[in-house]
There are 2 protein chains.
Amino acid sequence: MELAEAKQKFIEAWGKLGSEWGINRTMAQVHALLLISPEALTTEQVMEQLQISRGNANMTLRDLINWGLVEKQHRSGERKEYFFAEKDVWTIARQVAKERKRRELEPVLKLLGQLQEVQGDEQDPEYQTFKTSVTDINKLASNVDKTLETMLKAEENWFFGSIFKLFK
Amino acid sequence: MELAEAKQKFIEAWGKLGSEWGINRTMAQVHALLLISPEALTTEQVMEQLQISRGNANMTLRDLINWGLVEKQHRSGERKEYFFAEKDVWTIARQVAKERKRRELEPVLKLLGQLQEVQGDEQDPEYQTFKTSVTDINKLASNVDKTLETMLKAEENWFFGSIFKLFK
DNA sequence: AATATCTTTCAATAAATATTGAAAGTTTGA
DNA sequence: TCAAACTTTCAATATTTATTGAAAGATATT
């Protein structure tokens, strides 16, 4: 396979995977493009390579920066902004985990905690089943949360630090 | 909080979480409804409780069955079909992991393997960066795949079997 | 074999999401 | 201060995804 074709396929696949996991297709594609670019790219270059509009490119790049996956670069003597993606996959994975934990897991945990306080008749099967399900999900979600917390602090921890090096 | 309100909030939250993770909101809501129902429900009951159409209820329930999260029940003397959700959260998590692995992770792994075979000039930074990124992602994805594989076989394995009981 | 009961399908429609592009905003330097 | 170079915004539009509901398909009952 030629490089040009491989790049194309990689970008498409990354976009598809993103959309299957609730991440905007274009955002995933821009990320893919930057991932495989040795140099930082300008908005113009992203627009051209992916055939997207200026507005879309601008918003998508901003989102990627908010996700902590891309950073702006400035070059002396130039007005244009350049965009560069973090290339270490483990750092990327940690970053994504961190953001999704914060944006999605934590709000759910908060609600589950409240729902566990529901009042009702202990003899009512409706009540019993509700309470059991919510409690069980809360337990699992808390464990996932704690596990992620540990993972995210892995670098600071000799034990997991060494385990996670195996994944690198 | 009253049970009725709590149920409503739970169903909404589950639907929202699902849609953030690429799972149809209605599917997640139907799943939530069945999760907190002590008894199996009919299509009619699902339609009424969630205010959705017959077609939607039918397709959604079929999808949930395909995900291995819900099963049909038949009752003697009745023509209607009843639907019942698996309640053990660890089993649910395993089931979801299994399906997403099969539907999304495995196809991506296959492609990454092919992309690693890309031909090009070893001196070309474009080629180098592409190859490094693809290889690194492939490594991480393979490790995730293997880890999931182990998890999915956990019940058959005394060591992880006992570890995972901690999560229940 | 006709009818009642229940399930499935799928083209049409609606709703949610993503994208465009032109105008407004900002920054730099002549 | 002006204007060129670049970035940002957002209402309008397009695309994608989900939902409806009526008709067709099953299956059991008389």
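Chain identifiers are assigned alphabetically (A, B, ...) following the order of the sequence lines, protein sequences preceding nucleic acid strands; residue numbering begins at 1 within each chain.
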Length of the [atom1]-[atom2] vector between [X] and [N], whole Å:
X	N	atom1	atom2	result
Asp63(A)	dT17(C)	CG	P	15 Å
Trp21(B)	dT17(D)	CH2	C1'	20 Å
Ile65(A)	dT8(D)	CD1	C1'	13 Å
His74(A)	dC6(D)	NE2	P	13 Å
Lys16(B)	dA16(C)	NZ	P	15 Å
Met47(B)	dC6(C)	CE	P	13 Å
Leu64(A)	dT8(D)	CG	P	14 Å

Closest heavy-atom pair and its distance - [X], [Y]:
X	Y	result
Glu104(B)	Glu20(A)	CG-OE1, 3.0 Å
His31(A)	Ala85(A)	CD2-CB, 4.4 Å
Phe84(A)	Pro38(A)	CE1-O, 3.7 Å

Between the side chains of Gln123(B) and Tyr127(B), does any donor sit under 3.5 Å from an acceptor? no

Salt bridge check: are Arg75(B) and Glu81(B) linked by an N-O gap of less than 4.0 Å?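 Glu81(B) and Arg75(B): not salt-bridged.
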
Should Asn58(B) be listed as having a side-chain N or O under 4.0 Å from OP1 or OP2 of dT7(C)? no

Please name the residue in the list Thr132(B), Val134(B), Asp136(B), Ile137(B) that meets the side chain to side chain contact (heavy atoms under 4.5 Å, CB included) test with Leu35(A).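 Only one of Thr132(B), Val134(B), Asp136(B), Ile137(B) forms a side chain to side chain contact (heavy atoms under 4.5 Å, CB included) with Leu35(A), namely Ile137(B).
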
Per-nucleotide protein contact string for nucleotides 18-30 of chain D, where B marks a base within reach and S marks sugar-phosphate only (heavy atoms under 4.0 Å, - for neither): SSBB-----BS--

